[in-house]
Amino acid sequence: MEGYNFHEIEAKWQKKWEDEKRFVVKNHEEGKQNEYVLIEFPYPSGKGLHVGHLRSYTALDAVARKKRLEGKNVLFPMGCDAFGLEAERTAIREHKLPQEIVARNIATFKEQLKQIGLSFDWSREINTCDPSYYKWTQWLFIQFFKHGLAEKRETLVNFCKNCGVLANEEVEGGKCCQCHEEVIQKSKSQWILKMTEYADRLAEDLKLTKYQQHIKTSQINWIGKSEGVQVKFQIKQGGSFEIFTTCIETIYGITFMVLAPESEIVKSLKDKIENLDEVNEYIKQAAKKSEFERQELVKEKSGCLLKGITAINPANGMEVPVYIGDFVLAGYGTGAVMAVPAHDQRDYDFAKQRKIPMIQVIEGDIRNGALEKQDYLGTGAKLINSGEFSGLTVEEAKQKITEKLISLGVAKKQVNFKMRDWVFSRQRYWGEPIPMIYCDHCGWVPVPEDQLPVVLPNVDSYEPTKDGESPLSAIESFVKTTCPKCGAPARRETDTMPGWAGSSWYFMRYCDPKNDKEFASMDSLRAWLPVNIYNGGNEHTTRHLLYARFWNKFFYDIGISPVLEPFETRISQGIILGSNGVKMSKSLGNVVDPREVVKEYGADSLRLWESFIGDYSEMVNWNDNGVKACFKFLNRVWAMQDFLVDGDKFSSELSYAFNYAIKKVTNDINDIKFNTAVSALMTLCNEIYKNRKINREEFKTLLILLNPFAPHITEELWEINKFSPEFKNVSWPNYDEKALVKNVISLPVQINGKMRGTIEVSPSAGQEEILNLVKSDSVISKYLTEPIKKVILVPNRIINIIC
RNA sequence: GCUGGUGUGGCGGAAUGGUAGACGCAAGGGACUUAAAAUCCCUCGGAGGCAACUCCGUGCCGGUUCGAGUCCGGCCACCAGCACCA
């Protein structure tokens, strides 16, 4: 027997799979059920992949390979999300064009992936920055526009001096999530997608999916639905404004109101405010503050009284002062709040600071702080100091007060969402141009479909501009055009789309990647959607998942997607840290390059260790010795050929071990428990070594079970031992439940709940028989005392004797 | 602060409420070898004991149960996400 020469074997099989197009899949395959296995496509960064990145690829490759062996027609595609800031920033740093950087990175990425023998269908590869792809991203944007879900709106936006305008979702702790620069607020006319119109359904339809509960919860929290009442307050000096509250029962406790400094209401009150200079100064300061600073001041809530302005509480006619304060957000609710210091801690702090009186309206103790809704809801607490509503429970009052205000015509029930509309414009070069044209006569007009894509022009200078305008705006030849409607001279939109655009629908394009008539045909989408198993990073379980679900839901509404929810299940991998427990990074010198590992131990050993390293969803530390251990294991499998004997069914010696392994590996792969699947294979291998003998049928079974994790060595062993049929035609083994029943089991015995030993017994033995065996066991019996009060026998598991 | 998650040997980790530590790493001992590597065998949670064996042990404190790593209540620590959401 020759040694295990993984270099030769792996190169041979990778070439063979590619030559015979083993993993290229058709949308329809006679007699086969379709299965869609998807991994988030990456942005291929210039640093190349490290072993941590491969975890999800090797894991889902195992899933895909197993499903193929089970006779499924499996779509397992891969592509690149190449638009976005990272490519642009690398390009700027290296003084190259993003186009060049991306092409170079993709080549490295593919080379690395191909070395480990992943079974992607590369014929369906896509790339979001390819015009043949973003043509359809643009087309889809136009559908949003045509259905009134995209519009240009003046909004306060997060502005980063390096990266331009950011979506709320891209601001992390008041800083830019890309470059960590402080984010400031700026007013700008932006394209937005009205995602809030789908907020309710995005939360509601989670019940159609099988996501893990924590993923559903994080989506629901992000959407942040709250039901309440919107109430109109008259300003004594003229005018009015509206507030939103979820605690209408506390309306008699209002002692002041607070408006967001940026709100329109404040502007409209300008000529009535007596301390206008002071107010203007406050507004100026607030605008300069980043969200981060605002939050830093959490203990010291800032605000400024609007002198000469009072609001009238519609419930009791009481006049209260009005403040502006930057803890009130213009972007949420109506940008104005009613303040009830007795029942809201934030208002309580604000009132204490400024010696504003409090009115307690719900019974309880407010000496040490506000009695908030979480304190009184559901406790049966009653209202006080609330006019005709005093004496009602909170729950009754909520309803009665709402009814009264509605009948007075000053209120309506309202549902608010924390989730905001999606700011979809970027003043950046490296993105899909937004396919819109502005005409002085016709307003915004979409680029006609037959003129798509609006190609991103090649330019010499694409750096972000200092004033925050798109670099494209400086290119006259791009900007100047004519109106598609009236033919008059017109100007193109120069903003581009955010990085999230192309990734919001890529999983649909895989179904029909070459289609130049449609973004994807309904037939192909019906064939594959919903994605059966979708794997991605934890960091994407809110944003990306929500965006993709939103796009799909809209597509469903306009009849271009066949499903309400695009992803059936969602799983995410834990990251692999360096061996020192810190995130792998070049500067820390703890990066492990898969190419080095492959060179030393081979792709199969690497793949096996990626699966065995630990629980898939947990964070783990890399350990070089693990690869060595897996290499050792594969060598043991290879050397097993020495034990090979004839035989076309499981031998009595190994029947139990094999049936158990089949069951365990099958279930564990289904349950995303790759580490225990591999350990079951190792256990099986140990059993075979103890037996010193393995027949052909048994060896074949072992190879099939191991194949999803170590595809090269298993196909090679299959071939050199001339097993039949050809490996590509074999099917996943079934186990025999009957073979898992043992004649004699070792039954644990507890006396008074303490483990005292085991007895050998038939699984069908009754209580009497077992008790007699226990009594005759010299070790266990000495713990027994008469009388026996109670016996708990769990057949096949345990007996507990109470005496 | 809120939400979610996690806490088990020297390490990575196993355990449908039923023998805690599967599988593997590291370590120690042995066999083979001139030697090393590779391979194979043995030991390997802690304390005590010559031994048979005994007691303790899954972050901490309680509870439910014949029986708790697992369920419940209350803490502590760490990780991640969110950030004044009215």
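Just so it is clear: chains get the letters A, B, ... in the order the sequence lines come, proteins before strands, and each one is counted from 1. All heavy atoms count here, side chains included; hydrogens, waters and symmetry mates do not.
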Between B:A14, B:A86, B:U19, which nucleotide gets closest to the side-chain atoms of A:Asp615? B:A14

Check the phosphate of B:A86 against A:Asn416, side-chain N and O only, distance under 4.0 Å to OP1 or OP2. Yes or no? no

Measure the CD1-NZ distance between A:Ile248 and A:Lys413 for me, rounded to the nearest 0.5 Å. 11.5 Å

For B:G7 and B:C60, measure between their C1' atoms and round to the nearest Å. 11 Å

Measure from the side-chain heavy atoms of A:Arg636 and tell me the nearest of B:G24, B:C40, B:G18. B:C40

Cation over ring, A:Lys742 on A:Tyr656, under 6.0 Å and within 45°? yes

Please confirm whether the shortest side-chain N or O distance from A:Lys628 to OP1 or OP2 of B:A37 is below 4.0 Å. no

Without decimals, in angstroms, what is the distance between A:Ile223 CD1 and B:G81 P? 20 Å

Under 4.0 Å: is that the gap between some side-chain N or O of A:Lys790 and OP1 or OP2 of B:G67? no

Classify the side-chain pair A:Ser226/A:Asn416 by whether it contains a donor and acceptor separated by less than 3.5 Å. no

Can you check the distance between B:G57 and B:G63, where both ends of the measurement are the P atom (answer in whole Å)? 15 Å

Rounded distance in Å - NZ (A:Lys632) to P (B:A38): 9 Å

Would the distance check show the side chain of A:Asn313 and the main-chain N or O of A:Ile251 forming a donor-acceptor pair, the cut-off being under 3.5 Å? yes

Taking atom types as they are modelled, would you say the side chain of A:Arg756 forms a donor-acceptor pair with the base of B:U19 within the 3.5 Å cutoff? no

As a test of your reading of the structure, name each stem of RNA chain B as range with range, where a stem is three or more consecutive Watson-Crick or G-U pairs at under 3.5 Å. B:1-7 with B:76-82, B:10-12 with B:23-25, B:27-31 with B:39-43, B:45-48 with B:53-56, B:59-63 with B:71-75

Considering only heavy side-chain atoms of A:Ser226, the closest of B:G18, B:A86, B:G24 is B:A86

Quick one: label A:Lys418 by what it contacts on the DNA or RNA (base, sugar-phosphate, nothing), any heavy atom closer than 4.0 Å. base

For A:Lys673, report the nucleic acid contact type (base, sugar-phosphate, nothing); a contact means any heavy atom under 4.0 Å. sugar-phosphate

Considering only atom C1', compute the distance from B:C50 to B:U39 and round it to an integer number of Å. 36 Å

Donor-acceptor under 3.5 Å (A:Glu242 side chain, A:Val231 main chain): no

Over all strands shown, is A:Val794 touching base, sugar-phosphate only, or nothing at heavy-atom distances under 4.0 angstrom? base

Roughly how far apart, to the nearest Å, are B:G30 and B:C44 at atom C1'? 15 Å

In whole angstrom, give the distance that lies between atom OH of A:Tyr4 and atom P of B:A38. 17 Å

Between A:Lys398 and A:Glu227, is there a salt bridge with N-O shorter than 4.0 Å? no

Between B:A51 and B:A36, how far apart are the two C1' atoms, rounded to whole Å? 40 Å

Consider the side chain of A:Phe612, meaning its heavy atoms from C-beta on, and name the nucleotide among B:G5, B:A86, B:G12 that approaches it most closely. B:G12

Hey, does the Lys NZ or Arg CZ of A:Arg354 hover above the aromatic six-ring of A:Phe350, less than 6.0 Å from the centre and inside 45° of the axis? yes

Heavy atoms under 4.0 Å, any strand shown: does A:Phe417 hit a base, just sugar-phosphate, or nothing? nothing

Grab the CH2-P distance between A:Trp609 and B:C23 for me, whole Å please. 15 Å

Length of the line joining A:Phe633:CZ and B:G12:C1', which is rounded to integer Å: 17 Å

A:Lys690/A:Glu687 ion pair, N-O < 4.0 Å: yes

Determine whether A:Asn667 and A:Tyr735 satisfy the following criterion, side-chain hydrogen bond (donor to acceptor under 3.5 Å, both in side chains), listing intermediate values before the conclusion. CA-CA 11 Å; A:Asn667 293 342; A:Tyr735 61 92; 4.9 Å; no

Rounded P spacing from B:C85 to B:C61 in Å: 37 Å

For B:A68 versus B:U58, give the span between their P atoms, rounded off to a whole number of Å. 11 Å

Please round to the nearest 0.5 Å and tell me the distance separating atom CG of A:Asn686 and atom CG of A:Leu681. 11.0 Å

Taking any heavy-atom pair under 4.0 Å as a contact, classify A:Ile792: base, sugar-phosphate, or nothing. base

Identify whether any heavy atom of A:Asn686 sits under 4.0 Å from a base atom; if not, whether one sits that close to sugar-phosphate; answer base, sugar-phosphate or nothing. sugar-phosphate

Atom pair distance, as rounded to whole Å: CG in A:Asp642 and C1' in B:C40: 14 Å

Taking only the side-chain heavy atoms of A:Lys754 (C-beta and beyond), determine which of B:G13, B:U19, B:C56 contains the nearest atom. B:C56

Can you see if the side chain of A:Arg543 gets near the phosphate of B:C82 - specifically, an N or O under 4.0 Å from OP1 or OP2? yes

Could you tell me the separation between the CG atom of A:Leu684 and the P atom of B:G24, rounded to a whole number of Å? 12 Å

Whole-Å P distance, B:A22 and B:G10: 14 Å

Integer-rounded Å distance: B:A38 P and A:Leu634 CG: 17 Å

Between A:Lys782 and A:Gly614, who's closer to the 5' end of RNA chain B by nearest nucleotide? A:Gly614

Syn/anti state of B:G9 by chi, 90° boundary around 0: syn

Which distance, rounded to the nearest 0.5 Å, do you find between the CD1 of A:Ile759 and the OG of A:Ser781? 11.5 Å

Ignoring backbone atoms, test whether A:Asn625 places a side-chain nitrogen or oxygen under 4.0 Å from the OP1 or OP2 oxygen of B:A26. yes

Take A:Phe244 and A:Gly626, find for each the nucleotide of RNA chain B with the closest heavy atom, and name the residue whose nucleotide sits nearer the 5' end. A:Gly626

Looking across every strand, which nucleic acid part, if any, lies under 4.0 Å from A:Ser746 by heavy atom: base, sugar-phosphate, or nothing? base

Per atom distances to the A:Asn221 side chain, the nearest of B:C25, B:G13, B:U3 is B:U3

Does the B:C66 base have a donor-acceptor partner in the side chain of A:Asn800 within less than 3.5 Å? yes

Taking any heavy-atom pair under 4.0 Å as a contact, classify A:Asn635: base, sugar-phosphate, or nothing. nothing

